[in-house]
Amino acid sequence: MNAIVALCHFCELHGPRTLFCTEVLHAPLPKGAEDSPGQGEQAEEEEGGIQMSSGLCTHSPADGASAESSSPGPKKSDMCEGCRSLAAAHPGYISHDKETSIKYVSHQHPSHPQLFSIVRQACVRSLSCEVCPGREGPIFFGDEQHGFVFSHTFFIKDSLARGFQRWYSIITIMMDRIYLINSWPFLLGKIRGIIDELQGKALKVFEAEQFGCPQRAQRMNTAFTPFLHQRNGNAARSLTSLTSDDNLWACLHTSFAWLLKACGSRLTEKLLEGAPTEDTLVQMEKLADLEEESESWDSAEAEEGKDPVPPAAAEGREPVQPPAGSPLLSDCGSWQPRKLSVFKSLRHMRQVLGAPSFRMLAWHVLMGNQVIWKSRDTDLVLSAFEVLRTMLPVGCVRIIPYSSQYEEAYRCNFLGLSPHVQIPAHVLASEFAVVVEVHTATHTSLHPAGREEDQPLSKYEFVVTSGSPVAADRVGPTILNKMEAALTNQNLSVDVVDQCLICLKEEWMNKVKVLFKFTKVDSRPKEDTQKLLSVLGASEEDNVKLLKFWMTGLSKTYKSHLMSSVRSPTATEPRN
């Protein structure tokens, strides 16, 4: 987290002063800032991924005389014991975070002049003008230019101070206002813990000093003596003296470094995907049905004393030898597409079949008509279905991959057949079916796959026929025209075309939902439905047929949700 944590003190002689600050360094250390060898290496210890050492730089900006003339720190003459944290020769503290290669550096003042100015201004505002009621507690202030500050002011007991207490604050400065506000509860709890520990140590020292030499009675006896004169220069005492803790600054460095690390890692950006799509809901419902069916098979087999059917076989992931004369997979919903490379994409299929044949095939797919492939190559049929099914919502796909007999259209809209299977004459003449016959290619093939990458298809030719051929000048459904525009645009990669297709399907599924709610749930009249279709941009005949077919792919979850909302009391109120 790009922030600075600092401990500030209001000195009665010099005003607000920065005592100790910890900053984050993502880049190499500044010039002169190096890890001290020897004692620092021996004193290393690790906690929470942070490696501790006591070396930093060869000089401190607070040592006055030894500091460079350009140092932003105050001069030595302007400091007292209460204004100084580290000794003049102390190098400061540094911690290494091995996980992120970030360094946490602590000293009395930031070495960079601009950072020193920001911390100095925040210190002054924290202990002067920006004060919460009661003078103790958290407060937020700042601006875009000088950063935003979380400040928590508090008092430390001191038997020699005016009012027997001194005023301090712990401030956190960062440029990200939203992040700082979101971190308020975390910072408040952790900083409050540091303050309680400091106040507890100081209270023990205060009570011991008061027990040995009560200051209140002594001050009452010398009430008319000038206050500063009677203290004989004891107006300023260091925080280590007030808490009787020689390791105070090392402990504060550890606490501040951990605070910066923990606060930076507690808030992360997450991708919110929103509500599940209809395809996701349908897939979840199919998976639940398969699990339920598998459990029923297991219980039935257990009752008969037989071995249960493996779930993988029940889901159709393993090839099972079918009985003679039966389809390979009679359960359409259990088919899982295999990763085949015969047809690589819709664009590839369009290149192989040719634009007119592909348009006819795609039109029948989108309209929900039965698509029949006849071929000896089962892998080719499965690959074709795997590509074509991407044009439809998951709920509209019913596949029998390969069968030795014809299956009716109500059972499947994708059917694979061996070449010798006879298709009924009424199906061949029907406008609701399209047949793709795969023959061995000849030298006069109309659409040979001649490219090197199409070698698996170079031995085939494809004949697409239908009882209702799609005229070349037919407008067709809007989604088909947009799909063909994406497929013919060579500037779009295959992955981009896939994403375009997903967006198109989501767009038209939203129209399907509106139409379902309007017609099936609200039961609006036909005239209103025509107006709605016009508003949706789907008043053409092909678009209407597509919407009605896609309506069958809506999930049970969505339909039951709409029906339950209709039955609720709020839904029965009359419409205005």
Side-chain angles (χ1 to χ4, degrees), residues 272-286 346 358-371 387-398 409 413-414 431-432 434 468 470 474-489 492 496-566 571 575:
L272 300 180
E273 298 182 354
T277 62
E278 281 299 299
D279 285 357
T280 304
L281 291 175
V282 172
Q283 289 172 345
M284 293 170 60
E285 291 171 355
K286 287 187 176 182
L346 283 173
F358 177 81
R359 179 176 176 84
M360 179 190 301
L361 178 62
W363 184 88
H364 283 279
V365 170
L366 293 172
M367 293 295 105
N369 299 335
Q370 190 174 40
V371 178
V387 172
L388 291 174
R389 73 197 306 266
T390 61
M391 301 170 62
L392 295 176
V394 174
C396 295
V397 177
R398 302 184 311 280
N413 55 339
F414 291 95
E431 61 178 337
F432 302 110
V434 60
S468 175
V470 179
R474 186 166 182 171
V475 177
T478 304
I479 188 173
L480 176 58
N481 299 326
K482 291 184 178 180
M483 186 189 309
E484 285 194 314
L487 292 175
T488 56
N489 189 348
L492 302 180
V496 174
V497 172
D498 291 341
Q499 294 302 316
C500 290
L501 185 57
I502 292 174
C503 294
L504 286 173
K505 288 196 298 183
E506 283 298 306
E507 176 188 352
W508 281 82
M509 280 305 291
N510 289 334
K511 296 180 180 181
V512 169
K513 291 180 181 179
V514 174
L515 184 62
F516 179 82
K517 174 70 165 55
F518 200 81
T519 58
K520 304 298 182 181
V521 180
D522 295 343
S523 300
R524 296 294 186 94
K526 186 176 181 180
E527 294 76 10
D528 291 348
T529 303
Q530 292 298 328
K531 294 179 182 178
L532 174 66
L533 291 173
S534 178
V535 172
L536 294 178
S539 56
E540 295 81 5
E541 181 183 357
D542 285 348
N543 287 329
V544 175
K545 290 181 179 180
L546 182 142
L547 291 177
K548 290 181 178 179
F549 167 57
W550 283 29
M551 197 179 294
T552 62
L554 287 175
S555 63
K556 299 175 184 177
T557 304
Y558 178 77
K559 293 178 180 178
S560 61
H561 170 72
L562 287 183
M563 292 304 179
S564 61
S565 64
V566 170
R575 292 187 294 266

Inset, instruction - With the side chain counted from C-beta on, respond yes when Lys548 and Val544 share a heavy-atom pair under 4.5 Å apart, and no when they do not. - result: yes
Inset, instruction - Please tell me if the side chains of Val394 and Lys286 come closer than 4.5 Å, counting only heavy atoms from C-beta onward. - result: yes
Inset, instruction - Measure across Leu546 and Pro477 and return the closest heavy-atom pair with its distance rounded to 0.1 Å. - result: CD1-CB, 4.0 Å
Inset, instruction - Indicate the atoms forming the closest heavy-atom contact of Leu547 with Ala538, along with that distance. - result: CD1-CB, 3.7 Å
Legend entry - Main-chain N/O of Ser539 paired to Gln530 side chain as donor or acceptor, under 3.5 Å: no
Legend entry - Heavy-atom donor-acceptor pair, Asn413 side chain to Cys396 backbone, under 3.5 Å: yes
Inset, instruction - Answer yes or no: does atom NZ of Lys520 have more than 12 heavy-atom neighbours from other residues, nucleotides or ligands under 6.0 Å? - result: no
Inset, instruction - Might you confirm whether atom NZ of Lys513 has over 12 heavy atoms from other residues, nucleotides or ligands at distances under 6.0 Å? - result: yes
Quick check for you: to the nearest 0.5 Å, what is the distance between [X] atom [atom1] and [Y] atom [atom2]?
X: Leu392; Y: Met509; atom1: CG; atom2: CE; value: 10.5 Å
X: Trp508; Y: Lys482; atom1: CH2; atom2: NZ; value: 7.5 Å
X: Glu506; Y: Leu501; atom1: CD; atom2: CG; value: 10.5 Å

Legend entry - Candidates Glu285, His561, Gln283 - the one meeting side-chain contact (heavy atoms from CB on, under 4.5 Å) with Ser555: Glu285
Inset, instruction - Would you mind checking if Glu541 and Lys545 are paired as a salt bridge, meaning a charged N to carboxylate O distance below 4.0 Å? - result: yes
Legend entry - Stepwise side chain to side chain contact (heavy atoms under 4.5 Å, CB included) test for Thr390 and Asp498: CA-CA 9 Å; Thr390 61; Asp498 291 341; over 6 Å; no
Inset, instruction - Would you sort out whether Met367 and Asn369 count as a side chain to side chain contact (heavy atoms under 4.5 Å, CB included), showing the intermediate values? - result: CA-CA 6 Å; Met367 293 295 105; Asn369 299 335; 4.0 Å; yes
Inset, instruction - Given salt bridge (Lys or Arg N to Asp or Glu O under 4.0 Å), test Glu527 with Lys531 step by step and report yes or no. - result: CA-CA 7 Å; Glu527 294 76 10; Lys531 294 179 182 178; over 6 Å; no
